[in-house]
Amino acid sequence: MAAVRGSPPKWKVQTVEELRKMFKSHPVVAIVSFRGVPSNQMQRIRRELRGKALIKVVKNTLVEKALEELEDNYKKLEEFLYDQTALVFTDMNPFKLYKLLEETKEPSPLKPNQISPVDVVVEKGPTPIPPGPMMAELQNAGIPVAIERGKVVVRETVTVVKAGEVVKPEVARALSVLGIKPIKIGLDTRVIYDNGILLTPDILAIDVEKIKSEFAEAYQKALNLAVNCAYVTEETAEILIMKAVMDARNLAINAGLPVKEVMPEILAKAHMEALALASLLPESALDDELKS
Amino acid sequence: MEYIYAALLLHSAKKEINEENLKAVLEAAGVEVDEARVKALVSALEGIDIDEAISKAAFAPVAAAPQPA
Amino acid sequence: MEYIYAALLLHSAKKEINEENLKAVLEAAGVEVDEARVKALVSALEGIDIDEAISKAAFAPVAAAPQPA
Amino acid sequence: MEYIYAALLLHSAKKEINEENLKAVLEAAGVEVDEARVKALVSALEGIDIDEAISKAAFAPVAAAPQPA
Amino acid sequence: MEYIYAALLLHSAKKEINEENLKAVLEAAGVEVDEARVKALVSALEGIDIDEAISKAAFAPVAAAPQPA
Amino acid sequence: MEYIYAALLLHSAKKEINEENLKAVLEAAGVEVDEARVKALVSALEGIDIDEAISKAAFAPVAAAPQPA
Amino acid sequence: MEYIYAALLLHSAKKEINEENLKAVLEAAGVEVDEARVKALVSALEGIDIDEAISKAAFAPVAAAPQPA
């Protein structure tokens, strides 16, 4: 296909056209990064999402072109098109899609010279490695090892690489020998477009427990308000009755009112007071009954 | 709370807690009676066993922190 | 307890707790008023901060400690 | 509460809690005695087993927390 | 309780809790508004510090014995 | 919290808690609606039984005297 | 216990707790007064804030209703 100056090659125009159709025909589209995802994992992900969502890996410039002719906030997606991105088209609810995409992430080893996003700690304890040359690998990666009862053991917990530091090759090898996969790799969601609305991970990650406790808190506050302003409803009627009963009892007891129903409590209270006072007194001031 | 005290006054005087009695007691206490609140109270109390609530009041647990899940 | 509820009704309706008001409320509730008890209650309440007395959780009857199961 | 303490004083001195004794003790304490309150207290104490009421109190500080089932 | 939720919604949206606003919110929720109950709620809320009322536990009865750890 | 109150309002009015209803109620309360949060709440509610969630409140009226062992 | 009640009686009647007053009250209750103990009580009470001491006693935990075995 000759590249005719000025007019883009046919396949590019087709791709952009196809993309635009995809955008139009799916209410929900996610822009995800697939940095570091090995191709075999990518295949597994495509299989898992088959029938639910369609993954399209297209050069960012073509996606931008497709976005240009679309209104309705699509343009705002541009800022999320950088580095290695893929598009995921679906009719699913965006939050369900987000959960699905998060589930594509698998524990993965750190690659040499990669910048580690996390602190990597090697715990004290036994290792799967038999005594032998492997031990040297661990030693020069800064992992203190020893042999105990014929097994290679890590003598004490040690942090082999800090978040933000470059992973030295010998450390990467030692970690893979130990089978330690400190990071999760998969389709990392940057934004999901849903009928004109852009949803970012802070909104997409739903903490159901937190929301449940917010409902409990809101209900408690509603109950408090209703009871504290004596507003009667089905839910508050019984509590208000109990509150009124307690008010009456408290008043009668605290003021020592001559009321038969609470006389036992009033007497008990007065007696308790006497006991409390007596407990502060020296023996000489007490009679035998009190001493007991 | 005056509506609630009025209800308990009637209850402890072994009188029926209905709109008429509530109004009488509230007016005697110089309260400007709000029909809606009287009606709301009477209907809400229909589902309540007041004696049971009274006995529960004496042993009600403190407003404990939400029970662990 | 009806005398106490009558007093609390007057209190929450921001009315003075005196013999006259107490009698009016009790009679409206169909209670056969005992003059002495009304007088006693009025004088016993003198100098009492009712809101404070209501909110202070009073000493409650302590049931026997539960026998170990 | 002075009327209550007066009653408990008489009780612990094994004396009858009647209007006359209550008045004597209260007057000795310099209290301006209110006839109605004395009457009301005597009638409120009728049928009350003071030792039983007090024994519960004595027990209070030791009341164990409810054992979990 | 929907009237209370409507009031709390207005409160948390920093809007005045008056009959007009309450009705608007309730109607938007498809509630058949009872004029009298709206009035009753507005009058019940008069002079109430809402932030304080929602934080004060609805009912703090005599504290239960501390549960064993 | 206004989103939660709006949801509770719809819930107690026995109305479906969907984006449309939530937006209507929030707008009626003069809230500047954040579409994303409405979507997030609606989707979260699929995994939540509201009645069960609110029963965890510190003092649901049902949590009365401690249940016998 | 009568000596303690006598002291509490004087205290709540806002009277000074001295030997003379204590004796008067105890004798009015028909108690055979033990001079030494009255002296010991008066001197012991000098350093004590009675209101503070009795306030601690006023609040006892509510043991749960006895669990059936």
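Protein chains get the first letters and strands the later ones, always in sequence-line order, with residue 1 at the start of each. The structure displayed is predicted, hence computed values, not measured ones.
- The contact between F:Val25 and chain E is made by backbone and side chain atoms together, counting heavy-atom distances below 4.5 Å.
- The closest side-chain heavy-atom distance from E:Leu9 to F:Leu8 is not below 4.5 Å.
- Between chain E and the options F:Gly30, F:Ala28, F:Ser12, F:Ala6, heavy-atom pairs under 4.5 Å are most frequent for F:Ser12.
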